[in-house]
Visitor: 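Take a look at this one; I'll ask things after.
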Amino acid sequence: MAGRERVGPPTLEEVAALAGVGRGTVSRVVNNAPGVKEATRLLVQRAIDRLGYVPNRAARALAASRADAVALVIPESTRRFFAEPFFSDIVHGVGAALADADVQLLLTLVRGDKERQRFVQYARAGRVDGVLLVSVHDDEPLPDMLAEVEVPTVLSGRRRGDESVSYVDSDNAGGARAAVRHLVATGRRRIATIAGPADMYGARCRLRGYREEMRAAFGEADPALTAFGDFTEESGRRATRELLARCPDLDAVFAASDVMAAGALHELRAAGRRVPRDVAVVGFDDSPVARHSDPPLTTVRQPVEEMGREMARVLLEAVGEEGPAAWRHVVLRTELVVRASG
């Protein structure tokens with residue numbers, strides 16, 4: 001009523017009345033949900049600013065059955081999580097995107113069936129609005145377990161070509177092809193590869209890209225020039241020793257991660273091979289490991305931080321939808337970065 005003093009803070013209904021929109025529209029703007037025209041969003045924001053309306057975060061979450069929290073789940077060992085720059089870059093990208101959306105990030109390592117079951121119960125109880133799952137292997141059941149209890153989930157990478165869960169991935173095969181094409185162009189002929197784990201789709205795509213480009217350049221891909229690692233430095237060292245024993249005439253190594261490439265550099269040096277004069281080395285990721293290697297590592301850059309931000313964006317869209325969310329499949333470009341190693 002005109003002239004009457006306000007009792008208590010401004011309400012959502014008062015914002016809606018001033019903006020000339022419905023209460024639900026104001027709620028969507030406050031929650032940064034999709035489906036509101038930009039002109040309407042600006043109108044509501046002006047009303048919020050004019051009235052000095054401050055959303056009650058706890059009430060908002062309760063009314064919308066929202067936790068305003070997202071879990072980032074990594075089914076790997078603590079040792080690997082802290083050793084590989086890939087994970088810290090993903091966390092940085094996800095964290096930045098969620099901070100902009102005023103959503104809390106919970107980091108969880110899941111290392112066995114008991115922890116997996118405990119986490120599913122935690123998510124099912126509404127403690128988080130959705131899950132970001134990083135570093136999934138072929139046999140990882142957690143995405144399907146979360147789908148069964150209708151918890152929105154987005155993967156970093158995918159378990160197979162026909163993945164039935166939303167994911168954000170990079171062009172793994174294309175990046176590997178670019179790496180081998182570069183080595184061929186610089187005169188290398190006996191190009192070996194250190195592939196990642198055979199039970200990870202992304203690693204298989206990088207191996208496929210290597211083989212495709214080798215066949216395009218030489219008519220075949222010699223199986224003796226392939227060794228497998230698990231994305232750790234020690235596995236890169238071990239695979240390099242194996243390759244040198246089988247193929248002492250190799251003149252290049254394409255490693256499916258920078259960390260494995262660092263292991264390859266160590267073993268090549270120990271074997272008296274000069275990089276890049278005797279053996280060129282190319283990695284994958286463009287992590288800090290690549291920039292600080294001796295010599296600095298030529299590598300395939302995948303936009304890991306951007307992947308993290310995109311994962312968060314896709315998940316927040318799914319959380320904001322009413323009813324079952326549509327699957328979203330996003331593949332980001334890779335880029336070859338040439339440095340001194342080859």
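Source: prediction; values computed, not measured. These numbers come from the heavy atoms of this one structure, side chains and all, not from hydrogens, waters or symmetry mates.
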Visitor: Mind jotting down which residue pairs meet the side-chain hydrogen bond (donor to acceptor under 3.5 Å, both in side chains) criterion with at least one end in residues 216-231? Sequence neighbours excluded, please.
Guide: R190-D222, D230-T232, D230-S235
Visitor: Who pairs with Y210 by ring-ring contact (aromatic ring centres under 6.0 Å, His included), at least two apart in sequence or on another chain?
Guide: none
Visitor: If you group Ile, Leu, Val, Met, Phe, Trp and Tyr whenever their side-chain heavy atoms sit less than 4.5 Å apart, what else falls in with V289?
Guide: V259
Visitor: Does any pair with a residue in residues 245-264 pass ring-ring contact (aromatic ring centres under 6.0 Å, His included), and if so which ones, sequence neighbours excluded?
Guide: none
Visitor: If you link ILVMFWY side chains whenever their heavy atoms are less than 4.5 Å apart, which other residues fall into the same cluster as L43? By chain and number, please.
Guide: none
Visitor: In chain order, what residues pass the salt bridge (Lys or Arg N to Asp or Glu O under 4.0 Å) check against R309, with sequence neighbours excluded?
Guide: E305
Visitor: Going by the rule side-chain contact (heavy atoms from CB on, under 4.5 Å), which residues pair with D199 if we only count those two or more places apart in sequence or in a different chain?
Guide: H137, D138, P197
Visitor: With sequence neighbours left out, write down each residue that passes side-chain contact (heavy atoms from CB on, under 4.5 Å) with L18, or none if nothing qualifies.
Guide: A47, R50, L51
Visitor: Listing request: all ring-ring contact (aromatic ring centres under 6.0 Å, His included) pairs with a residue in residues 279-299, at least two apart in sequence or in separate chains.
Guide: none
Visitor: Is it true that R159 and E140 have a side-chain N and a carboxylate O under 4.0 angstrom from each other?
Guide: no
Visitor: Once salt bridge (Lys or Arg N to Asp or Glu O under 4.0 Å) is applied, do any residues pair with E335, and if so which ones, sequence neighbours excluded?
Guide: R301
Visitor: Kindly write out the residues that satisfy salt bridge (Lys or Arg N to Asp or Glu O under 4.0 Å) with R118, not counting sequence neighbours, or none if the list is empty.
Guide: none
Visitor: Under 4.5 Å side-chain heavy-atom separation, chaining through any Ile, Leu, Val, Met, Phe, Trp or Tyr, what else clusters with V128? Say none if it is isolated.
Guide: V73, L106, V110, F119, V120, Y122, V131, L133, V136, L142, M145, L146, V149, V151, L155, V165, Y167, V331
